[in-house]
Amino acid sequence: QVQLVESGGGLVQAGGSLRLSCAASIRTFSSYTMGWFRQAPGKEREFVAAIEWRDGTTSYADSVKGRFTISRDNAKNTVYLQMISLQPEDTAVYYCAAGRYRGLIRQVNDYSYWGQGTQVTVSS
């Protein structure tokens, strides 16, 4: 059974940084495209970033481009989201997701597995 467990969320001041981690219990982790999504109160879950399984190509939402970096360590079955220059509008629950043998997918329905989420709160 696939499990994704996010960690690293917390409370940070505007302009600060956080690094989220997602540990995956997937035997063939390297064959999965991994994504990060977020959901703020009263809003739909939205795409943040993805890293493709074949060559590590990345994709970002325009709102985080240049501030967030997604990376993966296949030896550790872990995907990361480094976030800098955080702003109050980045406040949300952040979710890790996995989709096998997929390209740079950006839609919620394209991912097969999800973590439970980790809260990120940015104060002004």
Side-chain angles (χ1 to χ4, degrees):
Q1 183 173 353
V2 173
Q3 280 192 314
L4 304 176
V5 180
E6 302 97 334
S7 61
L11 174 64
V12 64
Q13 289 188 332
S17 302
L18 283 174
R19 187 176 83 152
L20 306 183
S21 299
C22 172
S25 62
I26 304 176
R27 194 165 53 132
T28 55
F29 177 77
S30 61
S31 67
Y32 281 78
T33 287
M34 301 299 296
W36 285 98
F37 287 73
R38 66 186 181 186
Q39 188 166 17
K43 295 189 176 181
E44 291 189 351
R45 193 168 298 190
E46 65 173 2
F47 171 78
V48 174
I51 184 164
E52 208 233 24
W53 68 277
R54 281 171 293 193
D55 59 8
T57 303
T58 57
S59 177
Y60 298 92
D62 288 344
S63 59
V64 307
K65 203 171 293 184
R67 299 188 299 122
F68 290 11
T69 303
I70 188 171
S71 61
R72 65 190 298 161
D73 185 338
N74 288 340
K76 296 183 178 180
N77 280 20
T78 302
V79 62
Y80 304 97
L81 186 68
Q82 178 69 51
M83 307 184 292
I84 65 171
S85 301
L86 284 162
Q87 300 301 315
E89 52 266 34
D90 294 316
T91 295
V93 177
Y94 283 70
Y95 296 91
C96 171
R100 195 172 190 191
Y101 295 135
R102 303 302 301 269
L104 285 172
I105 43 181
R106 300 165 67 104
Q107 302 300 317
V108 169
N109 290 340
D110 287 332
Y111 286 85
S112 302
Y113 303 103
W114 292 83
Q116 82 291 346
T118 185
Q119 177 70 48
V120 172
T121 302
V122 185
S123 63
S124 57

To the nearest 0.5 Å, what is the distance between [atom1] on [X] and [atom2] on [Y]?
X	Y	atom1	atom2	result
Ile51	Leu104	CD1	CG	9.0 Å
Met34	Thr58	CE	OG1	14.5 Å
Ile105	Glu52	CD1	CD	9.5 Å
Gln1	Ser25	CD	OG	7.5 Å
Ser63	Asp90	OG	CG	7.5 Å
Trp114	Cys96	CH2	SG	9.0 Å

Please say yes or no: joined through hydrophobic side-chain contacts below 4.5 Å, possibly via intermediate residues, are [X] and [Y] part of one cluster?
X	Y	value
Tyr113	Val79	yes
Tyr60	Leu20	yes
Leu81	Trp53	no
Tyr80	Leu4	no
Ile70	Ile26	yes

Hey, is the main chain of [Y] close enough, under 3.5 Å, to the side chain of [X] for a donor-acceptor pair?
X	Y	answer
Arg72	Phe29	yes
Glu6	Gly117	yes
Gln87	Ser85	yes
Ser31	Arg100	no

How far apart are the closest heavy atoms of Pro88 and Ser123, and which atoms are they? CG-C, 4.5 Å
Minimal heavy-atom distance between Ala61 and Arg106, with the atoms involved, is CA-NH2, 4.0 Å
Any idea how Phe68 and Tyr94 line up, ring-wise: parallel (<30°), tilted (30 to 60°), or perpendicular (>60°)? tilted
In terms of the angle between their ring planes, are Phe47 and Phe37 parallel, tilted or perpendicular, with boundaries placed at 30° and 60°? perpendicular
Let's go through Trp36 and Cys22 carefully: what are the C-alpha distance in whole Å and the side-chain angles of both, what is the deciding distance for side-chain contact (heavy atoms from CB on, under 4.5 Å) to 0.1 Å, and is it a yes or a no? CA-CA 9 Å; Trp36 285 98; Cys22 172; 3.8 Å; yes
Mark yes or no: Arg102 above the aromatic ring of Tyr111, with NZ or CZ under 6.0 Å from the six-membered ring centre and no more than 45 degrees from the axis. no
Taking side-chain contact (heavy atoms from CB on, under 4.5 Å) as the criterion, tell me which of Thr91, Val64, Val120 meets it with Arg38. Val64
May I have the step-by-step check of side-chain contact (heavy atoms from CB on, under 4.5 Å) for Arg67 and Met83, ending in yes or no? CA-CA 6 Å; Arg67 299 188 299 122; Met83 307 184 292; over 6 Å; no
With side-chain contact (heavy atoms from CB on, under 4.5 Å) as the test, would you mind laying out the steps for Glu44 and Val108 before giving the verdict? CA-CA 10 Å; Glu44 291 189 351; Val108 169; over 6 Å; no
Between Arg27 and Asn77, is a side-chain contact (heavy atoms from CB on, under 4.5 Å) present by the stated rule, with each step listed? CA-CA 9 Å; Arg27 194 165 53 132; Asn77 280 20; over 6 Å; no
